[in-house]
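Report on the following structure.
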Amino acid sequence: MTDLIKLRGVQKYYGDYHALRDINLTIRAGEFFSLLGPSGCGKTTLLRVIAGFEGVSNGSVMISDKDMKDVPPNQRPTNMVFQSYAIFPHLTVAENVAFGLRKSKMSKAEKADAVAEALKMVGLDGYGKRAAHALSGGQRQRVALARALILKPKVLLLDEPLSALDKKMREHMQVELIRLQRAVGITFILVTHDQEEALVMSDRIAVMFAGEIGQMDDPETLYRRPKSRRVAEFIGKMNFLPATVTSVGESIGLDIAGFGQTDVPQDQAPEGAKPGEAAIGIRPETLAILFEGETASRHEAPATVDEVVYYGDMTYYDVRVKDVPEPLTIAMKNLIGRPVLEVGAQTRIAWDERAIVVF
Amino acid sequence: MKLRIYAIAYLIFLYAPIVLLPLFAFNDATIIAFPLTGFTTHWFTELTQNAALHAAVKNSLIIALCTAIFATILGLCAARAGAMSAFPGKKGIVGFVMLPLVLPEIIIAVSLLVILRQVLGLSLGNWTIILAHVLICTPFSIAILNGAFGALDPAMEEAALDLGETRWSAFRLVTLPLVMPGIISSMLIAFTISLDEFIIAFFLTGSNPTMPVYIWGLLRFPSSLPVIMALGTILVALSIVLLTIAEIFRRRGVRRSGGTDTGGFL
Ligand SMILES: Nc1ncnc2c1ncn2[C@@H]1O[C@H](COP(=O)(O)OP(=O)(O)OP(=O)(O)O)[C@@H](O)[C@H]1O
Ligand SMILES: [Mg+2]
């Protein structure tokens, strides 16, 4: 894959407010890339910088090796799906979709074909004559997609396109967007504050905090090997335990509060880890409650059930382990014949050093 | 219950004089007094034959039209600046622009007269009245157009830009049609205000009086009172029609751009 978008040292100030602090990222052609982060971290700002609605205070934006410094939005090979969709209410669906073709040299018939094709692509066959202001949220979103895609941009920018939809529609559109992106092969940059959405949809994700990129990786790496505590906390749920790094070398020696001593390979610890105080993280689904007659394949520790939350397919337990300051959350599948424990029950938990991340 | 009585009393107090206008305009007597003596359209016929009145009406229409256009253009600029960009001192400037709304007209009239005649040494004419009317109508235009722009999603114009339009064509193709109801409503209101404005016109009028000034002149002749009633009837009807159309357009604009109704004078 070739590099399509390169941002180097991008900074953005709104007055005194430092909205983007030194953003460096490279997005490849054909990639589904997500910008994920809490509200106000600068995701929209970064997207608008790429689209050209905001200038940069410092640094450069390159698209296809061309510096975008003095290129206005209407001349960039990008199109945007706005968070509000910005469907023109005084036009019909077809007129909305055809809007970007106004200056093209296509004949009327060619334009009509292109509009029909674009509408078909987003599943709005035959909606062309409808008035745009009478559409539902999901339909508006599709019109916005068709309107942007008809121009065959190199990059499609999507600012929280699914946040206005209800849960069911959102999940449906997630799948549809992925399908669409594969079909058209256009680079998608998606802004979202929903970590699940980002994990489901993206080839790569940049996690942003307060104008900075905290980590940029594929979904699996991001989930399994978060590089910092705040990334780990933002994506999924993670238990944190105090620990001491006892030795560094081929592997990292650890003494974990409540769990005891173990070794982990170097790639589960930050580069240049030094002996001393540290913390480890472990995901709820990598821990397990040991029921009658079960034994741990690696390590186990005695525990007391503190809280039980039953989800139908899963049960989430909060358990207390001696010497661990906070209760640990454990996610258990409700398999056939497996009981749901009660609060106060004495049990044992299994843990595996391969699931540990050192911070 | 008591509240309703007050409300009815208030409405009678407010509208009784206006109801009396058509009553006497169609009354077959030169003296304005009860009992009514019979039905006639004579006073309306007389209206159509009065050349001086026609000149005054024409004057007023020209002034009202120019006022409507200029006030709306100024209102458009101000409302757009207010909606799109935040600049230092924005609140203060907006407040200043809206000031003529509460300034007594007589003060505007006298101060303009002094500036135009004494300070600048200019002669009076229709354009001086237009100037003053634009001054008092612009705040109304701004208020109406602020509502229209406020209900507009700022992403609309950006979406048009993003789809390849220039700043100007994006404004023309997207923003303008969406605020058009506001523009029409603003023009109608400015037109109506200017058409029956008296104090300023009285002070600043040149050799050609406007319609309200001409009517005031007629009052010296008791025999022309029924004619004035007839004219007044037409004016009231016209004002009601124009203001209703203005309000319809304003509401349609708010609805079309998908916002909730917050402003408006009616
Ligand atoms: N035009 C502006 N002027 C001043 N500050 C701004 C402007 N636009 C954004 N900001 C500020 O920059 C910060 C980042 O804003 P941005 O809209 O990029 O956040 P976001 O990550 O998209 O958040 P959300 O998830 O809420 O949409 C915010 O603190 C915001 O207040
Ligand atoms: Mg945002």
Side-chain angles (χ1 to χ4, degrees), chain A residues 14-15 44 47-48 50-54 71-91 95-106 118 131-135 137 140 143-153 155-161 164, chain B residues 76 79-81 83-92 145 147-186 248-262:
Chain A
Y14 289 117
T44 298
L47 205 66
R48 290 171 60 82
I50 296 173
F53 291 120
E54 305 282 354
V71 184
N74 50 7
Q75 282 160 35
R76 295 198 183 193
T78 58
N79 279 117
M80 185 126 157
V81 173
F82 289 84
Q83 183 161 5
S84 61
Y85 306 148
I87 300 297
F88 306 133
H90 57 303
L91 303 179
E95 284 167 339
N96 263 282
V97 175
F99 195 87
L101 298 179
R102 208 173 70 88
K103 294 213 171 102
S104 90
K105 292 193 181 68
M106 287 181 176
H133 63 81
L135 296 177
R140 272 160 203 262
V143 173
L145 269 174
R147 186 175 72 179
L149 286 173
I150 200 169
L151 294 173
K152 305 205 161 53
V155 187
L156 187 69
L157 307 168
L158 304 115
D159 191 358
E160 310 213 13
Chain B
L76 258 175
R80 196 181 138 83
M84 300 295 164
S85 41
F87 47 88
K90 176 172 158 180
K91 276 224 176 89
L145 290 166
F149 274 96
L152 198 69
D153 179 0
M156 288 289 174
E157 213 171 293
E158 288 187 342
L161 267 184
D162 188 60
L163 293 167
E165 298 300 333
T166 60
R167 287 217 164 266
W168 164 243
S169 65
F171 178 75
R172 186 170 57 84
L173 291 170
V174 174
T175 309
L176 208 54
L178 290 178
V179 296
M180 189 49 86
I183 291 175
I184 293 175
S185 155
S186 149
I248 288 172
F249 270 99
R250 196 190 62 77
R251 286 191 188 170
R252 181 185 296 176
V254 170
R255 200 169 50 237
R256 189 167 0 161
S257 47
T260 43
D261 203 341
T262 50

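Below, chain A is the first sequence line, B the second, and so on; all start at residue 1.
For A:Phe82, the part sitting under 4.5 Å from any heavy atom of chain B is the side chain, from C-beta outward, and nothing else. No part of A:Leu157 comes within reach of chain B, as not one of its non-hydrogen atoms sits under 4.5 angstrom from that chain. Both the backbone and the side chain of A:Phe88 come within contact range of chain B, each with at least one heavy atom under 4.5 Å from a heavy atom of that chain. With a 4.5 Å cut-off on non-hydrogen atoms, B:Ala170 does not touch chain A at all. Only the side chain of B:Ser169 comes within less than 4.5 Å of a heavy atom in chain A; its backbone stays farther off.
Counting heavy-atom pairs closer than 4.5 Å to chain B, the top residue among A:Pro153, A:Ala86, A:Ala51 is A:Ala86.
Considering only residues two or more places apart in sequence or on other chains, A:Arg102 meets the salt bridge (Lys or Arg N to Asp or Glu O under 4.0 Å) condition with B:Glu165. Scored by the side-chain contact (heavy atoms from CB on, under 4.5 Å) test, A:Ser104 finds A:Leu101, A:Met106, A:Lys111 as partners (sequence neighbours excluded).
Checking side-chain atoms of A:Tyr85 against main-chain N and O of A:Val143 turns up no donor-acceptor pair under 3.5 Å. A donor-acceptor pair under 3.5 Å links the side-chain atoms of A:His90 to the main chain of B:Leu173, judged by distance alone. A donor-acceptor pair is defined here as one N or O able to donate and one able to accept, closer than 3.5 Å; such a pair exists between the side chain of B:Asp162 and the backbone of A:Met80.
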